[in-house]
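The chain is numbered in sequence order, starting from 1.
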Amino acid sequence: MELNKYSKIITKKGSQPAAQAMLHAIGLKKEDFNKPFVGIASTGYEGNPCNMHLNELSIEIKNKINKDEAVPLIFNTIGISDGISMGTNGMKYSLPSRDLIADSIESVVNGMSYDSLISVVGCDKNMPGALMAMIRLNRPSILVYGGTIAAGCYKGKKLDVVSAFEAWGEKVSGKLSNEDYDEIISNACPGPGACGGMYTANTMSSAIEAMGMALTYNSSNPAISINKLNEKELISKSIINLMKKDIKPSDIITKKSIENAVRLITLLGGSTNAVLHILAICKTANIDFNIDDFQKISDETPFLANLKPSGKYLMEDLHNIGGIPSVMKFMLENKMLHNDCMTVTGKTIEENLKNVKSLNFDQDIIRPLDDPIKSSGHIRILYGNIASEGSVAKITGKEGLIFKGNAKVFNSENEANRAIKNNQISKGDVIVIRYEGPKGGPGMPEMLKPTSAIMGAGLGNDVALITDGRFSGGTHGFVVGHISPEAAEGGLISLIEDGDEVIIDAVKNEINVNVSQEKLDLRKKTWKKPDLKFKSGILYKYSKLVSSASKGCVTD
């Protein structure tokens with residue numbers, strides 16, 4: 001097997017003397033020109049706990065690769081911290097960064113003629129972005145998740161980043177002192193690692209392990225743990241094995257492996273962002289899988305995990321009872337997984353799980369099948385006159401299944417945040433936040449700040465929130481996002497007025513405004529398509545290129 005089939009273009013051809021001279025300049029010897037090049041894409045940067053340790057981890061992985069077999073070369077790509085940009089204009093750049101990451105990794109690996117790829121990732125857009133690049137490149141590849149953060153603690157209570165957002169809601173509603181608020185902020189995030197609950201980062205890392213593109217235990221080993229450090233040797237051996245066996249992403253990512261991933265995150269109560277990301281992954285891989293397939297899997301898969309945001313526990317707690325492999329072993333034993341899917345270990349899912357201990361139900365994190373939190377999944381795909389192309393709700397059952405209320409309409413997230421802060425939201429309201437979609441935002445910002453403030457104010461069970469934007473994995477409550485068509489494209493959400501009755505039915509999977517078609521038609525006549533909010537730069541390009549949320553917000 002020829003392992004250097006891409007790098008030989010620059011290392012072996014006599015017509016590439018300048019390339020070879022420059023490779024000597026970085027320290028390579030002539031004998032290295034016979035070896036495959038392994039690109040190591042680090043998403044490490046200092047500004048975010050999810051990513052702050054990834055450059056060091058990338059170096060440790062590089063140093064473990066056998067230099068007699070391959071030439072490892074580190075390069076970097078970008079990241080945007082959702083937690084830091086949340087509630088600011090910076091959040092508009094978060095989802096677009098997914099495609100930038102995919103484009104940049106694809107560009108470096110193709111442009112520099114690397115034979116394989118290891119991507120070291122942390123925050124949630126890093127993961128689908130890196131995976132989309134791997135699919136496009138279709139060279140032996142492994143995704144490495146930097147791991148979850150340890151829990152913070154104050155007054156004996158475990159904390160995480162969502163605790164900080166909810167503390168703001170408690171503070172502005174007068175339920176929390178300034179001293180306690182400051183202490184929660186100071187102690188919520190104690191060090192490196194991605195947000196600790198079953199939020200988007202841990203949802204996507206779990207999904208990617210279930211897809212087979214990450215090593216067993218990679219998604220649940222904490223960032224600061226001996227288990228995470230011990231992964232680097234197996235990673236280095238596995239990438240060589242993948243090259244020798246010529247196992248590529250197209251051999252691993254199939255419709256069956258996607259179904260495994262979606263079933264796992266349904267059981268775990270994962271983030272609605274996974275809908276966007278998995279749709280984009282499937283589009284990149286030419287796999288026929290759409291939003292209605294999420295509903296089908298949700299209908300037949302119970303919600304079993306007592307994990308934040310709607311539950312009690314964090315990913316580090318799941319790690320302590322066996323992690324994602326034990327959950328997958330439980331699913332395998334109950335015929336909930338396709339067992340024959342190939343993985344980056346060079347073995348099938350079933351082979352990987354052979355020696356994993358079965359899940360012990362003497363714990364409160366994962367329920368048995370006969371005692372679910374909810375008999376069907378939390379992800380609901382809702383249609384109706386508000387969302388003729390679909391929308392995504394996260395209904396765990398704790399919020400109830402039907403909500404009727406009168407609309408309180410805001411044309412931006414900032415307007416809604418001011419209203420919540422000024423106690424202008426009442427029980428029974430359906431908060432409508434619009435013009436925050438993929439094109440209208442642009443960038444489809446997350447709405448964790450308003451949803452957390454609602455929870456902190458004690459209104460979580462008494463109001464609903466609908467938007468053409470999206471939600472953080474940390475969001476919980478009666479919320480519906482991804483409404484398509486979005487307001488900026490003339491979707492019906494743009495025609496809702498204060499006081500209109502909105503009905504959200506997670507049993508019938510419907511979302512409607514109770515206004516006659518005649519009235520809606522009259523409103524449509526006076527509606528004007530808004531100008532793009534940006535006239536240049538990445539957000540201008542993104543708003544011109546991006547597809548609807550129901551198609552994954554892809555730009556190709």
Side-chain angles (χ1 to χ4, degrees), residues 44-54 56-57 79-88 90-91 122-124 145-203 205 220-228 271 306-321 364-365 417 420-421 446-458 460 471-477:
Y45 63 101
E46 293 181 341
N48 184 25
C50 310
N51 301 73
M52 62 187 284
H53 59 305
L54 299 185
E56 182 181 343
L57 180 57
I80 306 291
S81 167
D82 289 4
I84 291 172
S85 65
M86 194 76 67
T88 74
M91 174 48 75
C123 201
D124 51 342
Y145 178 46
T148 188
I149 195 171
C153 186
Y154 177 60
K155 290 186 174 179
K157 181 181 178 182
K158 276 192 173 186
L159 302 174
D160 63 4
V161 68
V162 176
S163 307
F165 283 107
E166 294 185 357
W168 181 75
E170 292 181 68
K171 180 186 174 185
V172 299
S173 65
K175 295 183 176 183
L176 191 68
S177 70
N178 287 337
E179 180 185 355
D180 284 340
Y181 175 75
D182 289 342
E183 288 295 330
I184 289 171
I185 302 309
S186 299
N187 290 283
C189 300
C195 303
M198 192 46 63
Y199 312 144
T200 308
N202 284 326
T203 296
S205 66
S220 46
N221 283 338
I224 304 303
S225 68
I226 190 65
N227 305 80
K228 184 59 67 179
S271 167
N306 186 12
L307 294 168
K308 286 192 172 188
S310 63
K312 178 179 178 182
Y313 296 99
L314 299 170
M315 183 62 118
E316 68 173 13
D317 300 309
L318 183 59
H319 163 73
N320 291 331
I321 64 164
D364 188 39
I365 302 171
N417 287 334
I420 296 167
K421 182 178 179 180
E446 291 182 346
M447 303 292 156
L448 180 57
K449 192 169 183 178
T451 57
S452 295
I454 288 164
M455 285 293 173
F471 296 111
S472 161
T475 292
H476 56 125

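- None of Leu54, Ile80, Ile84, Asn51 except one satisfies the side-chain contact (heavy atoms from CB on, under 4.5 Å) rule with Cys123; the exception is Asn51.
- Remark: Lys171 NZ to Ile185 CD1 distance equals 8.5 Å, nearest 0.5 Å.
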Inset, instruction - Could you check Asn202 against Leu307 for side-chain contact (heavy atoms from CB on, under 4.5 Å), going step by step and ending with a plain yes or no? - result: CA-CA 11 Å; Asn202 284 326; Leu307 294 168; over 6 Å; no
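- Using a 4.5 Å heavy-atom threshold, the side chains of Asp82 and Thr200 count as separate.
- Judged purely by atom type and a 3.5 angstrom limit, Asn306 uses its side chain to pair as donor or acceptor with the backbone of Asp364.
- At most 12 non-hydrogen atoms from other residues, nucleotides or ligands lie less than 6.0 angstrom from NZ of Lys421.
- Rounding to the nearest 0.5 angstrom, the gap separating the OG1 atom in Thr148 from the CD1 atom in Ile224 is 11.0 Å.
- Screening residues 182-202 for salt bridge (Lys or Arg N to Asp or Glu O under 4.0 Å) gives no qualifying pairs among residues at least two apart or on separate chains.
- The shortest heavy-atom contact between Ala151 and Pro190 is O-CG, 3.6 Å.
- Here the NZ-CG distance, from Lys157 to Asn187, works out to 13.0 Å after rounding to the nearest 0.5 Å.
- Looking at heavy atoms from C-beta onward, Ile184 lies out of side-chain contact with Glu170 at the 4.5 angstrom threshold.
- Across all their heavy atoms, Lys228 and Pro222 have their closest contact at CB-O, 3.2 Å.
- Rounding to the nearest 0.5 Å places CG of Asn320 at 10.0 Å from OG of Ser220.
- Distance NZ/Lys449 to CD1/Ile420: 10.0 Å, rounded to 0.5 Å.
- Looking at Ser81 and Tyr45, their side chains come closer than 4.5 Å, going by heavy atoms from C-beta outward.
- Distance check, rounded to the nearest 0.5 Å: OH of Tyr199 to CE of Met315 gives 12.0 Å.
- Counting only heavy atoms from C-beta outward, the side chains of Val162 and Cys195 never approach each other to under 4.5 Å.
- What you find for Ala223 and Pro192 is that their closest heavy atoms are CB-O, 3.7 Å.
- Contacts of Thr203 classified as side-chain hydrogen bond (donor to acceptor under 3.5 Å, both in side chains), with partners at least two apart in sequence or in another chain: none.
- In this structure, Glu316 and Lys158 have side chains that are in contact, with non-hydrogen atoms separated by less than 4.5 Å.
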